[in-house]
Chemist: 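Here's a structure for you.
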Number of protein chains: 2
Amino acid sequence: MKENPVKRKIVKTASNLFFQKGFHGTSVREIAKRAKVNVSAISYYFNSKQGLLEYAVSYYYEQYLRKLEETLYNAQQTEPLERLYELIFSIIQYKQENYQFTCFIQRELSMDSVFVREMVVTYLAKENHLLEEAFDAVFRDHMKLHKKRYIFMQLKGMLITPYVLHHWKDFVIGSYSSDLFVKHYVSHIKEWLDFVFEKYTSQPPSKNTNYI
Amino acid sequence: MKENPVKRKIVKTASNLFFQKGFHGTSVREIAKRAKVNVSAISYYFNSKQGLLEYAVSYYYEQYLRKLEETLYNAQQTEPLERLYELIFSIIQYKQENYQFTCFIQRELSMDSVFVREMVVTYLAKENHLLEEAFDAVFRDHMKLHKKRYIFMQLKGMLITPYVLHHWKDFVIGSYSSDLFVKHYVSHIKEWLDFVFEKYTSQPPSKNTNYI
DNA sequence: ATTTGTCGAGCGAATATTGCAGGATTCCTT
DNA sequence: AAGGAATCCTGCAATATTCGCTCGACAAAT
């Protein structure tokens with residue numbers, strides 16, 4: 001990515017436009033115009049518009065998954081619940097750092113195309129696996145399967161809500177810094193998960209961390 | 001809508017395609033082809049592709065808001081918490097009945113265009129108002145503003161999660177009937193809200209309803 | 001007879017992509 | 001270190017295709 005300023009500028013501009021108007025809603029001409037590069041440069045670096053998309057998505061997800069794996073690796077010795085919290089923190093933090101592209105991906109994922117299906121098996125399956133494993137380590141023996149699925153779905157929902165409700169986000173949360181939002185939001189999730197933990201395992205959750 | 005079979009078929013086919021490929025990803029030719037009508041029919045009935053979209057969206061939202069208002073009207077005398085539950089039930093039920101179009105709208109809403117902005121002020125503002133009013137009636141005096149915003153955001157998140165996470169929905173929830181999903185999911189929300197209610201108002205929630 | 005609906009052909013504009021020419025840069029050999 | 005060759009990059013114009021939409025003819029219904 002860093003290698004070439006033109007390449008980077010194209011990806012950055014494209015991401016911004018995709019976020020605003022969607023993939024099909026933006027033309028390569030407009031990308032080139034806004035990035036102040038020639039149209040041919042896009043074909044040159046990425047072969048096609050689709051290639052540009054795939055490049056950006058790969059870059060996003062490989063960085064993302066690497067970060068999650070690092071987080072889990074560094075928290076190998078900590079207890080399951082704490083490990084889960086740190087994973088959640090990393091997820092929200094990364095999504096917030098790449099806010100626009102996160103929104104865009106989340107939207108594009110709800111389409112039905114061969115590209116989306118490929119993305120699901122290569123990246124989303126892994127993301128889900130990491131999260132579910134960390135989740136299971138906490139709740140495996142304390143919940144019925146049916147219940148567990150709903151709680152897990154609720155957790156996943158909370159991890160994407162800020163990136164699909166973004167018309168209301170500014171209004172609801174207020175417009176403070178990203179870092180502050182991450183802290184507040186993660187501690188909101190934590191509060192909820194602590195309750196779930198207490199309710200289903202009848203143990204008090206750990207108290208030794210505070211993200212605020 | 002009912003008035004004309006061709007008109008209806010166009011809207012239905014278009015909704016289906018918009019759901020799969022998005023608005024910009026669908027061409028009028030393909031709509032016409034799949035609906036087995038002539039391309040001109042679309043211009044004839046809706047003036048333009050955009051007109052077709054606006055017609056479908058208006059139809060969807062007007063039916064939706066009417067249903068929510070009816071629900072609230074019929075529950076005028078019931079206590080606030082119960083009223084909120086019934087509103088939630090109506091919301092999920094309607095969204096489930098119009099599953100594909102709900103997904104589509106939810107996705108299109110995260111774009112930035114004059115159309116989306118118009119949609120926000122005409123429909124979403126009202127939807128939010130109804131929900132927030134019912135929510136406020138329960139929690140107004142029991143929560144700090146900051147906390148209330150997060151909980152409300154979480155509720156809104158739960159109302160859209162099944163329609164943005166739909167790649168996982170089948171896997172997570174299993175593939176039983178829509179009606180059954182509505183009941184289960186609403187009672188899951190209810191369980192969560194009961195906890196929130198208990199925690200912040202220090203009163204036991206009502207026990208007289210059971211959606212399962 | 002007038003309105004209403006359906007049809008295929010086709011228009012102009014916009015789309016992604018490519019060909020080619022020339023400039024810039026890098027790399028290799030002497 | 002120098003010069004030349006190969007490669008990388010950019011710019012403009014043109015490509016074929018697809019887009020939304022319209023026209024006028026014709027059929028059906030009122």
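Proteins get letters first, then strands, A, B, ... in listed order; numbering begins at 1 in each.
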Chemist: How many whole angstroms separate atom CG of B/Asn4 from atom P of D/dA29?
Modeler: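 Result: 13 Å.
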
Chemist: Give one of base, sugar-phosphate or nothing for B/Tyr45, where a contact means two heavy atoms less than 4.0 Å apart.
Modeler: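 Sugar-phosphate: the residue B/Tyr45, judged by heavy atoms under 4.0 Å, touches backbone atoms but no base.
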
Chemist: For B/Lys9 and C/dG5, what is the distance between atoms NZ and P respectively, to the nearest whole Å?
Modeler: 15 Å

Chemist: Is there a donor on the side chain of A/Arg29 or the base of C/dA16 sitting less than 3.5 Å from an acceptor on the other?
Modeler: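 Yes.
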
Chemist: May I ask you to decide whether B/Glu30 forms a salt bridge with B/Arg34, counting only side-chain N to carboxylate O separations under 4.0 Å?
Modeler: yes

Chemist: Could you give the CD-to-P distance, from A/Glu30 to C/dA13, as a whole number of Å?
Modeler: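 Going from A/Glu30 (CD) to C/dA13 (P), I get 19 Å.
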
Chemist: Check the surroundings of atom CD in A/Gln76: do more than 12 heavy atoms from other residues, nucleotides or ligands lie under 6.0 Å from it?
Modeler: yes

Chemist: Nearest heavy atom decides the nucleotide; on that basis, is B/Gln50 or A/Val37 closer to the 5' end of DNA chain D?
Modeler: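 The residue whose closest nucleotide sits nearer the 5' end is A/Val37.
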
Chemist: Could you check whether A/Arg107 pairs with B/Glu108 (Lys NZ or Arg NE/NH1/NH2 to Asp/Glu carboxylate O, under 4.0 Å)?
Modeler: no

Chemist: Verify the distance criterion only: is there a donor paired with an acceptor across the side chains of A/Tyr61 and A/Thr122 at less than 3.5 Å?
Modeler: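 Looking only at side-chain atoms, A/Thr122 and A/Tyr61 do not form any donor-acceptor pair under 3.5 Å.
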
Chemist: OP1 or OP2 of D/dC9 versus the side-chain N and O atoms of A/Asn38: is any pair under 4.0 Å?
Modeler: no

Chemist: Across the strands shown, which category fits A/Ser27 at heavy-atom distances under 4.0 angstrom: base, sugar-phosphate, nothing?
Modeler: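 Sugar-phosphate: the residue A/Ser27, judged by heavy atoms under 4.0 Å, touches backbone atoms but no base.
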
Chemist: Whole angstrom is fine here: how far is it from CD1 in B/Ile10 over to P in D/dC21?
Modeler: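 B/Ile10 atom CD1 is separated from D/dC21 atom P by 13 Å.
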
Chemist: Please state how far atom CD1 in A/Ile42 lies from atom P in C/dA16, giving the value in whole angstrom units.
Modeler: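 Rounded to whole Å, this separation is 9 Å.
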
Chemist: I'd like to know if B/Lys190 and B/Asp194 make a salt bridge, using a cut-off of under 4.0 Å between side-chain N and carboxylate O.
Modeler: yes

Chemist: Reading DNA chain D from 5' onward, which residue's closest nucleotide shows up sooner: A/Ser40 or A/Tyr44?
Modeler: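 By nearest-heavy-atom nucleotide position, the 5'-most residue is A/Tyr44.
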
Chemist: Starting at atom NZ of A/Lys21, determine the distance to atom P of C/dA14, rounded to an integer number of angstrom.
Modeler: 13 Å

Chemist: Roughly, in whole Å, what's the span from NZ in A/Lys7 to C1' in D/dT10?
Modeler: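 A/Lys7 atom NZ is separated from D/dT10 atom C1' by 16 Å.
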
Chemist: Starting at CD1 of A/Ile31 and ending at C1' of C/dT17, how long is that distance when rounded to a whole Å?
Modeler: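 Atom CD1 in A/Ile31 sits about 13 Å away from atom C1' in C/dT17.
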
